[in-house]
> 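The structure follows.
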Amino acid sequence: MKFAVQDEAAMVAAGMRLAEACHAPLVFYLHGPLGAGKTTLVRGFMRGMGYDAVVKSPTYTLIEPYEIGPWHVYHLDLYRVRDAAELDYLGLRELQDDHAIVLVEWPERGAGFLPPADVVITLDYAGEGRWISLEDQGAAGKTFLEALGGVDLNPG
Ligand code: ADP
Ligand code: MG
């Protein structure tokens, strides 16, 4: 599926809807150039999960963990990673537990050191706004996209 997202508020709203459809441990890869709206989408996702505090960009820490109800939500931003082997010590492949929801910006920079994606999200510029596309990778991702199915990610 591919959607237009006209402004920042709509990107936050889209992230909130993704969270509302997320009822299982899932790994999301977020692809797209700098400024495409990946962190904004994650902020909306966190808000949709019920997290009210500030979502910091993990550009320097690489990973920011959140405890939200039963969920362990991990927001990663691997922009600064030059060699994926730098991530070995973080044990990221272990993030796939029964309560883990993982959102990774710049996943291509962690290739080989990340759990596999269930859902691949691609963002890019579209005039003043952005577009998002979502693609499932396997059964859990397919179930998620079905839960999202018919949901208008860009109302109004
Ligand atoms: P990324 O994490 O992909 O580098 P950010 O989420 O930090 O991008 O967003 C970069 C800028 O784009 C921010 O100023 C944000 O407000 C803006 N932005 C996010 N989504 C949209 C959108 N759908 N339309 C227009 N601007 C957006
Ligand atoms: Mg970002």
Side-chain angles (χ1 to χ4, degrees), residues 1-22 25-68 71-87 89-90 92-93 95-96 100-137 141 144-145 147-156:
M1 344 176 171
K2 187 166 170 174
F3 306 87
V5 184
Q6 63 197 14
D7 57 20
E8 176 176 1
M11 190 65 93
V12 171
M16 291 178 71
R17 285 182 177 78
L18 296 182
E20 285 156 16
C22 189
L26 287 170
V27 177
F28 297 90
Y29 284 6
L30 296 126
H31 288 287
L34 268 182
K38 301 178 294 296
T39 301
T40 306
L41 189 72
V42 172
R43 288 201 174 101
F45 187 94
M46 300 300 293
R47 196 191 294 180
M49 292 294 292
Y51 186 79
D52 291 328
V54 174
V55 174
K56 292 175 284 181
S57 185
T59 306
Y60 294 95
T61 54
L62 302 181
I63 180 164
E64 204 66 58
Y66 299 86
E67 300 286 319
I68 309 175
W71 298 108
H72 310 305
V73 183
Y74 300 96
H75 177 199
L76 286 78
D77 180 349
L78 306 183
Y79 180 69
R80 292 174 58 82
V81 173
R82 293 287 162 248
D83 177 353
E86 290 169 32
L87 301 173
Y89 78 100
L90 287 171
L92 300 177
R93 281 167 293 203
L95 289 180
Q96 241 182 346
I101 295 172
V102 183
L103 302 120
V104 190
E105 300 184 43
W106 299 97
E108 58 273 39
R109 300 193 176 182
F113 293 86
L114 293 171
D118 297 301
V119 179
V120 175
I121 302 177
T122 304
L123 300 88
D124 209 344
Y125 293 87
E128 302 277 291
R130 306 288 190 270
W131 59 262
I132 306 180
S133 78
L134 298 154
E135 187 192 323
D136 60 90
Q137 308 264 305
F144 171 79
L145 287 196
L148 201 61
V151 171
D152 185 357
L153 282 173
N154 186 23

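Computed from a prediction, not measured in an experiment: that's the story for all the values here. Numbering of ligands and ligand atoms starts at 1, following listing order.
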> I'd like to know if the side chain of Lys38 reaches the main chain of Gly32, judged simply by a donor and an acceptor atom lying under 3.5 Å from each other, with no hydrogens or angles considered.
yes
> So, with waters excluded, how many protein N/O/S atoms does the Mg ion (ligand 2) have closer than 2.8 Å?
2
> Are any non-hydrogen side-chain atoms of Ile121 and Leu18 less than 4.5 angstrom apart?
yes
> Of Tyr66, Phe28, Tyr74, Tyr51, which is the lone residue that meets ring-ring contact (aromatic ring centres under 6.0 Å, His included) with Phe45?
Phe28
> Evaluate the side-chain proximity of Asp118 to Tyr29: yes if any heavy-atom separation is below 4.5 Å, no if none is.
no
> Within the protein, flag every N or O under 3.5 Å from an N or O of ligand 1, and note the pair and distance.
residue  : atom   : partner : partner atom : Å
ligand 1 : 2 (O)  : Thr39   : N            : 2.9
ligand 1 : 2 (O)  : Thr39   : OG1          : 2.9
ligand 1 : 2 (O)  : Glu105  : OE1          : 3.2
ligand 1 : 3 (O)  : Ala36   : N            : 3.2
ligand 1 : 3 (O)  : Gly37   : N            : 2.9
ligand 1 : 3 (O)  : Lys38   : N            : 2.8
ligand 1 : 3 (O)  : Lys38   : NZ           : 2.7
ligand 1 : 4 (O)  : Gly35   : N            : 2.7
ligand 1 : 6 (O)  : Thr39   : N            : 3.3
ligand 1 : 6 (O)  : Thr40   : N            : 2.8
ligand 1 : 6 (O)  : Thr40   : OG1          : 2.6
ligand 1 : 8 (O)  : Gly37   : N            : 3.0
ligand 1 : 12 (O) : Arg130  : NH2          : 3.0
ligand 1 : 16 (O) : Glu8    : OE1          : 2.8
ligand 1 : 23 (N) : Val5    : O            : 3.0
ligand 1 : 23 (N) : Asp7    : O            : 3.1

> Would you call Leu145 and Met1 a side-chain contact if the rule is heavy atoms closer than 4.5 Å?
yes
> Between His31 and Glu105, does any side-chain donor sit less than 3.5 Å from a side-chain acceptor?
no
> Between Arg43 (side chain only) and Val55 (backbone N and O only), is there a donor and an acceptor less than 3.5 Å apart?
yes
> Hey, what do you get for CD1 (Ile63) to CG (Leu92), rounding to the nearest 0.5 Å?
5.5 Å
> Between the main-chain N or O of Ala10 and the side-chain N or O of Asp7, is there a donor-acceptor pair closer than 3.5 Å?
yes
